[in-house]
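For reference, the structure discussed in these notes is given below.
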Amino acid sequence: LKEENAVLRSKINKLQILSETQAEKMRRLEKKLEENKIKEEKEAQDLEAMVQHVEQNLQLMTKRAAKAENSAAKLRQENALLQAELRNSQRENEVLRAAAKQKAEVALQHLLQVTASSRASIRQLLSGAESLQLVADLLKSMDRISEV
């Protein structure tokens with residue numbers, strides 16, 4: 001019985017040592033588990049903060065895209081208006097050129113008529129001057145004859 005008691009005490013001691021070792025191991029694992037939980041919570045918070053930041057950036061980019069689309073639509077409208085205005089200006093320019101050409105042709109015709117009329121007048125003047133010269137020469141001749 002004493003031997004059996006000694007063996008049992010020995011087993012109890014070994015079991016107590018084993019139990020203490022396992023308890024120490026359990027405490028270390030619990031501590032590590034707690035550290036991992038804290039680490040995971042921090043990572044989750046960091047991830048949540050990052051998600052919020054990405055969402056904010058996405059909202060900002062969406063606003064910018066909408067603003068850019070509105071701006072592009074306004075620019076397209078403005079471009080269409082400017083092109084219509086350009087076409088109208090080109091048509092008006094063509095009409096003005098045609099009118100200017102027509103007026104230039106009319107002015108040329110008047111100028112040619114005035115030139116022809118001026119030439120006729122100059123011919124008449126020359127003819128009249130020749131007639132006057134002839135009369136003057138006759139008068140001189142008559143004057144000489146009367147002196148003689």
Indicate yes or no: at least one non-hydrogen side-chain atom of Glu34 is less than 4.5 angstrom from one of Ile38.
yes
Hey, what do you get for CG (Asn5) to OG (Ser10), rounding to the nearest 0.5 Å?
12.0 Å
Gap separating the CZ atom of Arg144 from the CG atom of Leu139, nearest 0.5 angstrom
11.5 Å
Could you grab the distance from atom CD of Gln45 to atom NZ of Lys42, nearest 0.5 Å is fine?
8.0 Å
Taking atom CD of Glu24 as the centre, does the number of heavy atoms from other residues, nucleotides or ligands within less than 6.0 Å exceed 12?
yes
Does the side chain of Gln22 reach to within under 4.5 Å of the side chain of Met26, using non-hydrogen atoms?
no
Quick one, Asn79 with Leu75, criterion side chain to side chain contact (heavy atoms under 4.5 Å, CB included). Give me CA distance, side-chain angles, the key distance, then yes/no.
CA-CA 6 Å; Asn79 188 23; Leu75 288 174; over 6 Å; no
Do Ser71 side-chain atoms and Lys67 backbone N/O form a donor-acceptor pair below 3.5 Å?
no
Rounding to 0.5 Å, atoms CD1 (Ile12) and NZ (Lys14) come to a distance of 12.5 Å
At what distance, to the nearest 0.5 angstrom, does CD of Glu55 lie from CG of Asn57?
10.5 Å
Pair Glu43, Lys39 - check side chain to side chain contact (heavy atoms under 4.5 Å, CB included), show working.
CA-CA 6 Å; Glu43 287 175 357; Lys39 185 177 176 182; 3.5 Å; yes
Taking salt bridge (Lys or Arg N to Asp or Glu O under 4.0 Å) as the test, write out the residues that go with Glu85, two or more places apart.
none
Please, which pairs that meet side chain to side chain donor-acceptor pair (under 3.5 Å) have at least one residue in residues 90-119, sequence neighbours excluded?
Asn88-Arg91
Can you run down the side chain to side chain donor-acceptor pair (under 3.5 Å) pairs that involve residues 124-137, sequence neighbours left out, and say none if there aren't any?
Gln133-Asp137
To the nearest 0.5 Å, how far apart are CZ in Arg9 and NZ in Lys2?
10.5 Å
